[in-house]
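Shown next, in structure tokens, is the structure this report addresses.
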Amino acid sequence: MTARSVERYNPRVEEPRWQKLWEERQSFVVRNDDPRERYYVLEMFPYPSGRIHMGHVRNYTMGDVLARYMRARGKNVLHPMGWDAFGLPAENAAMQNKVPARDWTYANIAAMRKQLKAIGLSIDWTREFATCDVDYYHQQQKLFLDFLEAGLVTRKKSKVNWDPVDMTVLANEQVIDGRAWRSGAPVEQRELTQWFLRISDYSEELLAGLDGLDGWPEKVRIMQRNWIGKSEGLRLLFELVADAYAGQQNIEVFTTRPDTIFGASFIALSPDHPLAERLAARDEELAEFIAEFRRQGTATETLEKAEKLGHFSGLHVKHPVRDGEVLPVYIANFVLMDYGTGAIFGCPAHDQRDLEFARRYGLPVIPVVLPDSADPRHFEIAGEAYTGPGSIYHSGFLDGLPIEAAKRAVATHFGARTVDNRPQGVVEVNYRLRDWGISRQRYWGCPIPVIHCEVCGTVPVPQKDLPVKLPEDIPVDKPGNALDHHPTWKHVVCPQCSRAAQRETDTMDTFVDSSWYFARFTAPDAETPTDPAAANAWLPVDQYIGGVEHAILHLLYSRFFARAMKKTGHLAVEEPFKGLFTQGMVTHETYRARNGDWLAPEEVVVETVGEARRARHVATGHPVAVGSIEKMSKSRKNVVDPDEIVATYGADTARWFMLSDSPPERDVQWTEAGIEGASRFLQRIWKLVNDAIGVFEQFPAPIPAAALVDEAFAEYRKVTHRAVARVAEDIEGLRFNRAVAQIYELTNSLARLASEETLQTSVSGAGAHISALREGVERLIQLIAPMMPHLAESCWSALGMKGLVADAPWPEADPALLIDSTVVVPVQINGKRRGEVVLPIGAPRELVEKEVLSLEAVSRMLAGNAPKKLIIVPDRIVNVVI
RNA sequence: GCGGGCGUGGUGGAAUGGUAGACACACAGGACUUAAAAUCCUGAGGGGGUAUCCCCGUGCGGGUUCGAGUCCCGCCGCCCGCACCA
């Protein structure tokens, strides 16, 4: 080894230096008029909670590797960052700390921006915005008004969870055991008139569009498919048996199993069904039944085991296919009003819920689907309904038909009949997807730009009066909607008739804000929501990266928004995200003290004694229980602060660790050993580069071109070129853990090449040696540049390379060096490996046979006989079958 | 209940149907050192032989194949999503 003493790499000095230089040179600022091929990488933007966490580091590092790689590949790369800045936490913080929500939010943004910059992300910060910026929500209000005009918005009554203490609407997730998560007050169901985006009009399109999204994880596509929940069936009218109860002539049900109509034994209505409500007016017991149902309804999740309960209405309907027979009408707690028609017919033999209900109320169970192998004389339904395939029986004109044919026959049958001058049965497609209620009775959100006038109704705010700005002089300690409380804000005159009128005081769901921010990044200063030319040039996002927790809502809303923005002329694309990647979480061990308190990792020392791991509380010396590995969370205290990691090890070490080992879609476990290992590797590269520089200084003579082909060092060059090719493939496939392994292999190889021993043996071939080393080290630095960008710049500069490695093009792998001239072919006997032969690439069959049969192991096993069969997969494997 | 995914050394994980365990972490031994840290070298799936050989081995049981971690069938376990959707 050359005696060249070098200090350890110091990220605390080097990292800020390069960050400053990138910023000064505007290395990552992107221009819309750049003629090169475009590539748009986006990570889900963060909520400005105040501090970044390791999940952010992982997410943004992955995106950054891709962005830096694509830039090296000569693409014009858009890699922006912004803030999903509206929402409840700011209001809660405002109340707790007596700070305006706005101030709290912008202070958090400033803090987090600083943290993100310290990670060395190659972001175009000139495009940054927050959704709470007046300009952003101004554009969003324009979008809303365009949607309103295009018929994409509607206003209707809807049930909401109402917290009577905080005086606000709660999301379902904010209701725990029927109580508000913050105030603890029992939640009430209220009917409010709310604004809705008509996403359900796009159910079919959103469903069909999933088929084309082959850059998405299958899991997410399935989740969206289930969420949209398409089902095809029949809407069917049952005639009420003449009853004193006037007005209601029939009951309409929706069924996906019209083939089982002969097995019907009751009708069930939702307690929320209009007929049920009317019946309750004359039936006290029913009224009590419905009231009880409503009380249970708020106690949400517990109804998974709720019993199937019903109340007989006293009414009957005519059986539509069994002449002279009637079916009883029940009000039942398991029928949902907001799916189908809020009414069903029950066929207990072939539906588990209906069966449980029938058993409870002594209703008939008539099997009408016969499993293919079953005997009709003995087939019976006991505890479980039969929902499998078979043929229809006990069913008059349907007898003998398979299920699907029977469905069609029933549809035809009822389609031809009329009740009330309507066809009795109509084929219908139903979706579970509901319209998207966007009204929130909150202050810290985008105001809905509408004015309510007693005479003119709801009047859109005229474009010239936009933006509708949030008032800043609001009390910070009063619960409820500050816009509603504000003394003057809501009092305006009607833009149409000039009479006194009121502003809409609801603001928009924050999911609206995040449904189009990716489009705004393409022209963040445009006077309109988008600059369509820019948006259409950049979109769809080539690679979107974020957590799987947004698999449904955010991603579905964004897909809807793209379509709505297309309809209103703001975009031309329908699918906003071409590629989607959902990364895993960052986890950590949990620690608990004797008294059950959670302990933070820095409060605990873990020792390994042989096989066992023991933990001890630093402060008290008491033993600590090492618990399960969980997602990092404040409540379990198993968090590691990115700032501290960056301060101790540097950003590159944190980035490298986040990319190593675990496949990016899986959870990664944060460990002290892991981060230490990453840090060591960083130093190892620094040392390798400096060792190499020492070698170059020993042999300063120019390298003759002929030396480059020296056989002695061709192997090392192959390792280099293979790494170049494989790392590129792995980054493009987002297999960062494999790219990392390739880089380790290359580093190990180069360390041998730079070693004293190798140097001793290469005196005659010094030129070849040095050129192989030079090439290897330069390539290595380029390969690590997307992952450890600061270290890469430091090495690049130490090697005397011109310019920044951030600006260097991705190296080309020489195809000739990716192929070996010989290959080691394993030889199997009856599928078991017994030896190997070295063969030239593409060796002719005769040569392979000769080599294989002359193997000692083979001739021993053959014992003079000829093999039964010789399977030769060229250049891969040989199998001798005896 | 329905849908999806996963199961490989002490650990994280590699492996177009073709040498299972790449690469890393942890561990053990050695070198250097007064010592430690750092660094470097070596070892290692399990068992036997201890020579370079043999047997077993990817949750379990079958199957397809010259050949299965990989494909098919049936189980077991874990994780995630949805959940009275007619």
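Labels below follow one simple rule: chain letters A, B, ... track the order of the sequence lines, proteins then strands, and each chain is numbered from 1. Excluded from the calculations below are hydrogen atoms, water molecules and symmetry mates; all remaining heavy atoms, backbone and side chain alike, are included.
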OP1 or OP2 of B/A86 versus the side-chain N and O atoms of A/Tyr339: is any pair under 4.0 Å? yes
Regarding A/Arg726 and A/Glu729, does a basic nitrogen lie under 4.0 Å from an acidic carboxylate oxygen? no
Between the main-chain N or O of A/Trp656 and the side-chain N or O of A/Ser660, is there a donor-acceptor pair closer than 3.5 Å? yes
Tabulate atom names and distances for all N/O pairs under 3.5 angstrom spanning the protein and nucleotides 67-74 of chain B.
none

Ignoring the backbone of A/Met223, work out which of B/A14, B/G81, B/C23 is nearest its side chain. B/G81
With sequence neighbours left out, what residues match A/Asp820 under salt bridge (Lys or Arg N to Asp or Glu O under 4.0 Å)? A/Lys718, A/Arg722
Residue A/Phe334, side-chain heavy atoms: nucleotide from B/A83, B/C84, B/G3 that is nearest: B/C84
Phosphate oxygens OP1/OP2 of B/G4: is one of them under 4.0 Å from a side-chain N or O of A/Lys219? no
Under 3.5 Å, is there a donor-acceptor pair between the A/Asn430 and A/Glu428 side chains? yes
Side chain of A/Asp661: nearest nucleotide among B/G12, B/C25, B/C54? B/G12
Starting at CZ of A/Arg432 and ending at C1' of B/C82, how long is that distance when rounded to a whole Å? 7 Å
Please table the atom pairs, donor to acceptor, closer than 3.5 Å between any side-chain atom in residues 668-682 of chain A and protein atoms at least two apart or in another chain.
{"from": "A/Thr671", "atom 1": "OG1", "to": "A/Gly674", "atom 2": "N", "distance (Å)": "2.9"}
{"from": "A/Glu672", "atom 1": "OE2", "to": "A/Tyr649", "atom 2": "OH", "distance (Å)": "3.4"}
{"from": "A/Glu676", "atom 1": "OE2", "to": "A/Tyr649", "atom 2": "OH", "distance (Å)": "3.0"}

Answer with yes or no whether the side chains of A/Glu589 and A/Tyr591 bring together a donor and an acceptor at under 3.5 Å. yes
Just to confirm, is there a sub-4.0 Å distance from OP1 or OP2 of B/A14 to any side-chain nitrogen or oxygen of A/Asn737? yes
